[in-house]
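Single-structure report; data block below.
Keep in mind that what you see is a predicted model, and the values were worked out from it rather than measured. Here is the naming used below: chain letters follow the sequence lines, and residue numbers restart at 1 for every chain. FYI, side chains are in, hydrogens and waters are out, and symmetry mates aren't considered; it's all heavy atoms of this structure.
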Amino acid sequence: MRPWMARVALIPVLLWVVATLSFFLLRAVPGGPFDRERAPASREVEAALKARYHWDEPLWRQYGRYLGNVMHGDLGPSLKYRNHSVNDLLGQTVPVSLALGGMAFGVAIGLGVPLGVLAALKRGGWADYAAAGLTLVGVCVPVFVLGPLLVLVLGLWLEWFPVALWGSWQNAVLPTLTLGLYFAARVARWMREGMIEVLRSPHVQTARAKGLSETAVILRHVVPVALVPVISYTGPMLADLLTGSFVVENVFQIPGTGAFFINSFFSRDYTMMMGMVLFYSLLLQVLNLFSDLLLRWVDPRVGS
Amino acid sequence: MNTLSSSPGRLALRRFLRNRTAVSGLVFLLLATVVSVFGPWVMAIDPNQGSGSPFVSPGASHWMGTDIHGRDLFSRVLVGTRISLLVGAVGAGVSVLIGVSWGLVSGWRGGRTDAWMMRLVDVLYALPTVVWVMLTLTLFETRCVGWLSERWPASIPAFRLAAMMVSLGSVSWLTMARIVRAQVLSLRERPFILAAQSIGVSPVRLMLRHFLPHLAGVVIVYLTLTVPAVVLYESFLSFLGLGVRPPQASLGTLIADGASQLNSVRVRWWLLVFPAGLMTLMLAALNGVGEGLRSAFEPRDGNGDRN
C-alpha cells in the first residue's frame with residue numbers, strides 16, 4: 001500500500017475520534033441548550049423539545065444515532081436556528097468563507113512568490129527590504145490588529161473602501177488584504193530562503209554554463225525548485241488561514257462559517273458546534289493531504 | 001576572547017548580549033512587566049470603574065483617553081498587558097511541562113510505547129487546535145462557571161483565566177514533545193548515559209540529572225516560539241469574546257472594543273491604536289528575544305525557520 005493511501009484511510013478514523021470526543025465533551029455537560037430559553041418552558045414543552053431532538057434517550061443511544069446520521073452526511077438540526085439544519089447553514093456559509101480564503105490565498109501566493117523571488121535575486125535591493133518589512137508586519141501585527149487598523153486608515157480616514165458586509169468586489173478588498181498580507185509575508189520569506197539555497201546549487205551553475213539566458217535559468221531551474229518548501233508549508237498555512245478567517249469575518253461582518261461558528265459557542269448550539277468541528281477537521285485533513293500529494297508530485301524524492 | 005574557559009551557557013549568554021535587537025526586546029519586556037505589575041497599583045485608578053467622562057481624548061489627565069464607560073484606557077492597557085504576559089508565561093510553561101515529559105518518556109521507553117505516544121501526537125496534530133481550545137473553554141463555561149457562581153462568584157475571572165492558560169498550554173506541546181523525543185533518542189546511546197545506567201542510577205534521577213540539562217538548549221529554543229504564539233492565541237480568543245470577559249481587560253478585548261468603536265461619524269482612534277500598538281510592540285519584543293536566544297543557542301543557523 002502506498003503511504004498516501006494509508007493517509008486517506010486514516011481520515012475517517014480521525015473524524016470518528018473527533019465526532020466521539022466532541023459529542024461526549026459537549027453532551028456530558030449537565031444542562032442542555034433548552035435550559036437557556038428566555039421564558040421557562042412548561043414541562044410538557046420541554047419534554048416535547050427533548051423528544052424532538054432525542055435528548056431524552058440514554059446517552060449511548062444518542063451517540064449511536066448521531067454517528068449514524070453523520071455517516072449519512074446529516075449533521076442534525078441546528079438548536080438555535082430551529083428551522084435550519086446544520087447542513088443548510090454550512091451550505092450557505094461555506095461558499096462565502098471559501099471565497100474569502102481562496103482570495104486571501106491568491107494574495108499570499110500572488111504577492112509572496114514574486115516578492116520572494118525578487119528579494120533573493122537582488123539581496124539588499126528594494127524588494128528585499130519590502131519582503132523584510134512585510135515579514136516584520138506579518139510577525140508583529142496579528143490579523144485582529146491589522147483588520148481594524150486597515151478599517152481605520154483605508155476605510156474611515158482615506159475612505160477608499162467600504163468597511164463591512166459582503167457582496168461586491170469593493171467589500172472584499174479589505175478582508176482579503178487583512179487575511180492575505182500575513183500569509184504573503186510568510187510565503188515571501190520561504191520563497192526567498194528557498195531561492196537563495198537553490199541559487200547556490202550545482203545544477204544552476206550547469207544551466208548557466210551551457211549558455212542559458214539568466215531569465216531561463218531563473219524561471220526554469222531555480223523557481224520551480226524553490227517552490228518546494230512553499231508548497232510543503234501550504235498545509236499548515238491553510239490551517240492558519242481558517243483561524244484567521246474567524247477574526248476577519250468577525251471584524252468585517254462577513255456571513256461566513258467562522259462567524260457562525262463563533263456564534264454557536266455563545267448560543268450553546270451543540271449540534272452546530274459538533275457539525276462545525278467535524279467540518280473543520282475534515283477540511284484540514286483534505287487540505288493537508290492535498291498539499292502533501294502536490295508536494296510529492298512536484299518533488300518525487302519526498303516520501304520514497 | 002577567552003573561549004576555552006567558557007561554558008556553553010555562558011557563551012550563549014555572551015552571544016545573546018551582543019545582539020542589539022534581542023537585548024532591546026528584553027529590556028522592553030522587563031519594562032512592560034514592571035510597569036504593568038506595579039503601575040495600576042501606584043496609579044490607584046480602578047481599571048474596571050469609570051474615572052472620567054466617556055470618550056475623553058488622550059491628554060494630561062488620561063494619557064490614553066477614556067472608553068465608552070469613562071474608564072481610563074492607560075490603566076486598562078496596563079492590566080491587559082499583564083494578563084497577556086501572564087498567559088504567555090504560564091501557558092508556555094504548561095506546554096513545556098507536558099511536552100518535555102511526553103518526549104522524555106516516549107524517547108526513553110522506546111518500542112511500542114514510543115510508537116503509540118507518537119501516533120497520538122500525530123493524531124492531535126491533525127485536529128484544528130482553535131476548535132479544541134474553544135470546545136474546552138465552552139466546557140469550562142458550562143460546567144464550572146455555574147458551579148462556581150453558586151459558591152464563590154468572585155473567583156470566576158481567575159478560574160477562567162486559569163482554564164484558558166491550561167487549555168492553551170495543552171494544545172501547544174506537540175512540537176515540543178517531538179523535538180525532545182528526537183533529542184532523547186540521540187542522547188540515550190551516548191556513553192555518559194550508558195555509564196550512568198551501568199552504575200545503577202535510578203531512572204528518575206537519570207532523567208532529571210542527566211537528560212534534562214542536555215535538553216535545556218532545544219527546549220529554550222522552541223519555548224521562544226511558543227511564548228509569542230500563546231500570547232497571540234489569548235488575545236485572539238479574547239478578541240472574539242471567548243477568553244477574558246468584561247469588565248476584565250486583556251489586550252484582545254481592548255482591541256475588540258476599539259474596533260467596535262470604529263464608525264464613520266466620529267473616529268475614536270485612541271481606543272484602537274494604543275492597545276493595538278502595544279500588542280504589536282510586545283510581539284515584536286518577544287520575537288526579537290526569541291530570535292536572539294535561538295541564534296545564541298544554535299549559532300550555526302542564526303535565522304533559520306524552525307517551524
For this session: Give, for atom CG of B:Leu254 and atom CG of B:Leu272, the distance between the pair rounded to the nearest 0.5 Å.
Result: 10.5 Å
For this session: Please state whether the side chain, the backbone, both or neither of B:Phe236 comes within less than 4.5 Å of a heavy atom of chain A.
Result: both
For this session: May I ask you to name which of A:Leu21, A:Leu283, A:Val13, A:Leu136 has the most heavy-atom pairs under 4.5 Å with chain B?
Result: A:Leu21
Exercise. Where does B:Thr136 contact chain A at under 4.5 Å (heavy atoms): side chain, backbone, both or neither?
Worked result: neither
Problem set entry | Exam field: side chain B:Ser170 to backbone B:Ser167, donor-acceptor pair closer than 3.5 Å | yes
For this session: Give, for atom CZ of B:Arg76 and atom CZ of B:Phe274, the distance between the pair rounded to the nearest 0.5 Å.
Result: 15.5 Å
Exercise. To the nearest 0.5 Å, how far apart are CZ in B:Arg160 and CG in B:Leu137?
Worked result: 9.5 Å
Exercise. Of the backbone (N, CA, C, O) and the side chain (C-beta and beyond), which part of B:Leu232 lies under 4.5 Å from a heavy atom of chain A, both, or neither?
Worked result: both
Exercise. Quick one: of A:Val143, A:Val145, A:Val277, who has the most non-hydrogen atom pairs under 4.5 Å with chain B?
Worked result: A:Val145
Problem set entry | Interface moiety of A:Leu284 toward chain B, non-hydrogen atoms closer than 4.5 Å | side chain
For this session: May I ask you to decide if the ring planes of A:Phe246 and A:Tyr280 are parallel, tilted or perpendicular, using 30° and 60° as cut-offs?
Result: perpendicular
